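Some notes on the structure that comes next.
Everything numeric here is computed off the predicted structure, so don't read it as measured data. The first residue in the sequence is number 1, and the count goes up from there. Start at 1 and go down the list; that is how both ligands and their atoms are numbered.
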Amino acid sequence: MLGSIARSPLNVALRRTARTASPSFTSQKRFLSIHEHLSMKILNDYGIATPKSIAATTPEEAFQAAQKFGGKGMVIKAQVLAGGRGKGHFDSGLQGGVHLIKTAEEARDLAGKMIGNKLITKQTGEKGRICNAVMLAEARPPHHEYYVAVLNDRSTQGPVLIASNQGGMSIEEVAHENPDAIITTPIDFEKGLDDETALGIAKKLGFTSAKQEAQAAETFQKLYKLFREKDATQVEINPLAESKDGEVLCMDAKLGFDDNADFRQEEVFKLRDETQEDADEVEAAKYGLNFIKLDGDIGCLVNGAGLAMATMDVLKLNGGDPANFLDVGGTANPTTVKKAFEILLASKNVKAIFVNIFAGIVRSDYVAQGVIEATKALDMTVPLIVRLQGTKEKEAKKLIKDSGLKIFAFDGLDEAAAKAVAEAAAQK
Ligand code: GDP
Ligand code: MN
């Protein structure tokens, strides 16, 4: 997926930091991702052609759904929010999250091996993701597979349509090995894709005849319309196929939506499937905490994304490894701080906690109060390193001192980070 183009500067920076901290960092933030079978419905609402499909949540339902396709070739696809399903494998041993089948019995058998098991793909990391449903679709064998996506592009500061006639496979590989095979077309946000431009892209990709070129061009225009009207951050179709019977069809869809637009996209946001997200990240979001799990052993509680990144860098410079990224934001109060601690302590990896707050809007005495309450309520045994600066700093320091708890308090970031690293190392 070429999703990186669509990311906000904050997210890019955050992810870059997180990635250096943890190579297996995979989860999505700030964007809602919805299942393929739901995406197919949205595409159809926009008059975009897809193979006919039906979702099923049990092997029996899969059997019945398959019967509706009347013994023709079908494809059964694991509904897991990750790319690379075709080449993935299940923890049950089954190879592949996408299978071509002929009979309803095969549908039942494969659904039984997929549902309730985890699919591991190159995007999910080793843990994989639970498969709670499958989608059955008519097979429509492809004559050729293309790639098309609408994303936001930083350099043109607007949407772009990305297309390639080398679809089906990983687009990152195409981008790496054969960048000329990718056509990037900036789109005027208001005007959308005009007929001529859309048809020009289709002609460059090459289809069997003018009929398919026209269908492809119309598909591009409708994909952009969907992108704009639904506040999408990503509309990725891989493959967009010309079927052997001469139709242009979207055979896979990965749609992402801007979380900031949830208030005006209620219908779309109802489609969220929290089983596909990290449980701790979901819980954190409920309290307005921006939390991302990493692989290290120092839990960080910080306010502001910039300070969070600086904190992670300083820990790394001191030889440490952050266990997470947790931004309590500007509205931190004793309750949210306590919640943040609960989430940090739920991870067994955490060997020390580093609280680094620069209080501008937030009050550091509130943070201190939350830290103290949490330490008492949660019977905390891991060492706690605290650096509080800014608004109500004096009050905060007094609170910590008077609490009688074993909290290491610092003024300087570097000393505090060094202490956190040393304490974490000592716990091993
Ligand atoms: P992904 O691996 O998660 O991207 O899953 P896809 O839905 O793209 O499936 C992987 C491959 O399976 C595609 O590249 C196609 O070759 C094939 N495939 C997917 N959907 C269909 C379909 O509806 N009909 C047929 N014949 N093949 C399909
Ligand atoms: Mn695909």
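Contacts between Lys122 and ligand 1, counted as non-hydrogen atom pairs separated by less than 4.0 Å, are absent for every part of the residue. Only backbone heavy atoms of Asn238 (N, CA, C or O) come within less than 4.0 Å of ligand 1; its side chain stays farther off.
Using modelled atom types, one side-chain atom of Gln212 and one backbone atom of Gly246 make a donor-acceptor pair closer than 3.5 Å. Checking side-chain atoms of Gln389 against main-chain N and O of Phe358 turns up no donor-acceptor pair under 3.5 Å. A distance-only check finds no donor-acceptor pair linking the side chain of Ser33 to the backbone of Gly256 [under 3.5 Å]. With hydrogens and angles ignored, the 3.5 Å screen pairs a side-chain donor or acceptor of Gln265 with a backbone N or O of Glu229.
Under the 4.0 Å criterion applied to side-chain N and carboxylate O atoms, Lys41 and Asp45 are not assigned as salt-bridge partners. Between Glu190 and Arg228 there is a salt bridge, since a side-chain N of the basic residue sits under 4.0 Å from a carboxylate O of the acidic one. One finds a salt bridge joining Arg108 and Glu60 here, because a Lys/Arg side-chain nitrogen approaches an Asp/Glu carboxylate oxygen to under 4.0 Å. Ion pair Glu423/Lys419 flagged as a salt bridge, since at least one NZ, NE, NH1 or NH2 atom sits closer than 4.0 Å to an Asp/Glu carboxylate oxygen. Checked for salt-bridge contact, Asp414 and Arg387 miss the test: no charged N lies under 4.0 Å from a carboxylate O. Ion pairing between a basic and an acidic side chain is recognised when a charged N comes within 4.0 Å of a carboxylate O; Lys338 and Glu373 show no such pairing.
Nearest protein neighbour of atom 25 (C) of ligand 1, counting heavy atoms only, is Ala139 O, 2.9 Å. Looking at atom 21 (C) of ligand 1, its nearest protein heavy atom turns out to be Met251 SD, 3.8 Å. Of the protein's non-hydrogen atoms, the one nearest atom 23 (O) of ligand 1 is Val75 CG1, 3.3 Å. With respect to atom 12 (O) of ligand 1, the closest heavy atom belonging to the protein is Val98 CG1, 3.6 Å. Ranking the protein heavy atoms by distance from atom 16 (O) of ligand 1 puts Glu145 OE2, 2.5 Å first. Of all protein heavy atoms, the one closest to atom 4 (O) of ligand 1 is Asp252 OD2, 3.0 Å.
Close approach of ligand 1 to Gly168 (heavy-atom distance below 4.0 Å) involves ligand atoms 14 (O). Under a 4.0 Å criterion applied to the non-hydrogen atoms of Glu138, ligand 1 contributes the atoms 23 (O). Against a heavy-atom cut-off of under 4.0 Å, Pro51 is close to the following atoms of ligand 1: 23 (O). Near Pro142, meaning under 4.0 Å from any of its heavy atoms, are these atoms of ligand 1: 26 (N). For ligand 1, the atoms lying closer than 4.0 Å to a non-hydrogen atom of Arg140 are 26 (N). Atoms of ligand 1 lying under 4.0 Å from any heavy atom of Arg85, numbered from 1 in the order shown and given with element: 1 (P), 2 (O), 3 (O), 5 (O), 6 (P), 7 (O).
Residues Thr103 and Glu106 bring a donor and an acceptor atom of their side chains to less than 3.5 Å of each other.
Note: an N/O pair closer than 3.5 Å links Gly86 and ligand 1 by distance alone. When only interatomic distances are considered, the shortest N/O to N/O separation between Lys77 and ligand 1 falls below 3.5 Å.
Aromatic ring centroids of Phe263 and Phe269 lie 6.0 Å or more apart.
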Run the numbers on Lys293 and Glu281 for salt bridge (charged side-chain N to carboxylate O under 4.0 Å, His left out), then give the verdict. CA-CA 8 Å; Lys293 211 184 260 179; Glu281 295 183 14; over 6 Å; no
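The number of protein N/O/S atoms found under 2.8 Å from the Mn ion (ligand 2) is 2.
Every residue meeting the salt bridge (Lys or Arg N to Asp or Glu O under 4.0 Å) condition with Lys339, not counting sequence neighbours, appears here in chain and number order: Glu283, Glu342.
Ligand 1 lies out of reach of Lys87, whose nearest heavy atom is not under 4.0 Å from it.
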